[in-house]
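Here the structure is laid out as structure tokens; the discussion comes afterwards.
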Amino acid sequence: DRVRRLEEPAARFYASCVVSAFEYMHSRNVIYRDLKPENVVIASNGYIKVVDFGLSKVLSGWKTWTMCGTPAYLAPELATPTDAHKGYLGRPVDMWAFGGVVYEMLHGKLAFMSLETFALEAMVRCHSPSSPAAITPHAPQVFFNMCFFKLEVFQLVSVFNLCEFF
């Protein structure tokens with residue numbers, strides 16, 4: 001039986017597990033680049049596992065120039081093809097996707113959705129996901145103030161201790 005959206009305590013737990021996985025990867029200069037619900041599975045012990053490292057990359061510096069990932073979870077700098085020559089920071093792109101995944105956990109729908117690629121990219125560039133009233137006021141703070149502004153994972157971990165959602 002498939003669940004469309006998670007209750008906040010479950011979303012908090014799974015979000016914390018994803019952050020823990022990113023904290024580990026990023027500490028070893030690995031960027032994931034394809035976080036989406038299909039790539040997060042629940043193990044028999046109840047914790048999550050991040051799977052499918054096909055688009056992952058070991059960073060040799062702070063930037064990378066390869067555009068990849070699932071369109072609905074792409075960060076704005078990846079949805080702006082004219083900026084491709086500038087490169088982009090890999091870790092914040094992972095955190096943007098994390099924001100999209102946790103948004104989907106709570107709302108049961110994508111933060112940005114369109115059948116047309118150009119329309120989807122425009123929505124992402126404008127940073128305008130909707131925030132349904134069905135969740136507590138603390139949850140939107142997490143996404144709009146942390147995830148969608150792409151804090152580094154170490155910043156996100158420290159904010160977890162201060163944020164009422166977590």
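Count residues from 1 along the sequence.
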Set out, in order, the CA-CA distance, both residues' side-chain angles and the distance that settles side chain to side chain contact (heavy atoms under 4.5 Å, CB included) for Ile31 and Met25, then state yes or no. CA-CA 7 Å; Ile31 54 173; Met25 285 185 264; over 6 Å; no
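Taken to the nearest 0.5 Å, the CG atom of Asp94 stands 9.0 Å off from the CZ atom of Arg33.
Nearest heavy-atom pair, Tyr73 versus Lys36, reported as atom, atom and distance to 0.1 Å: CE1-CB, 3.6 Å. Nearest heavy-atom pair across Ala15 and Met105 is N-CE, 4.2 Å. Minimum interatomic distance between Val93 and Ala75 (heavy atoms only, all atoms of both residues): CG2-CB, 4.0 Å. Taking all atoms of both residues into account, the shortest heavy-atom contact from Ala43 to Lys49 is CB-CE, 3.9 Å. Nearest heavy-atom pair across Met123 and Ser114 is CE-CB, 3.3 Å.
At distances below 3.5 Å, not a single donor-acceptor pair connects side-chain atoms of Ser20 with backbone N or O atoms of Ser16.
Within a 6.0 Å radius of OH in Tyr24, other residues, nucleotides and ligands contribute 12 heavy atoms or fewer.
Paired with Leu55 under the rule side-chain contact (heavy atoms from CB on, under 4.5 Å), one option of Thr70, Leu35, Asn39, Asp34 passes, and it is Asp34. The ring-ring contact (aromatic ring centres under 6.0 Å, His included) test with Tyr32 singles out one residue from Phe98, Phe53, Trp96, and that residue is Phe53.
Under the 4.5 Å side-chain heavy-atom criterion for Ile, Leu, Val, Met, Phe, Trp and Tyr, Val41 and Tyr14 are members of distinct hydrophobic clusters. A continuous path of hydrophobic side-chain contacts links Val58 to Met95 [ILVMFWY only; heavy atoms under 4.5 Å].
Side-chain rings of Tyr47 and Phe13 approach one another, their centers coming within less than 6.0 Å.
In this pair, Tyr103 and His107 present their aromatic rings perpendicular. The plane angle is above 60°, beyond the 30 to 60° band.
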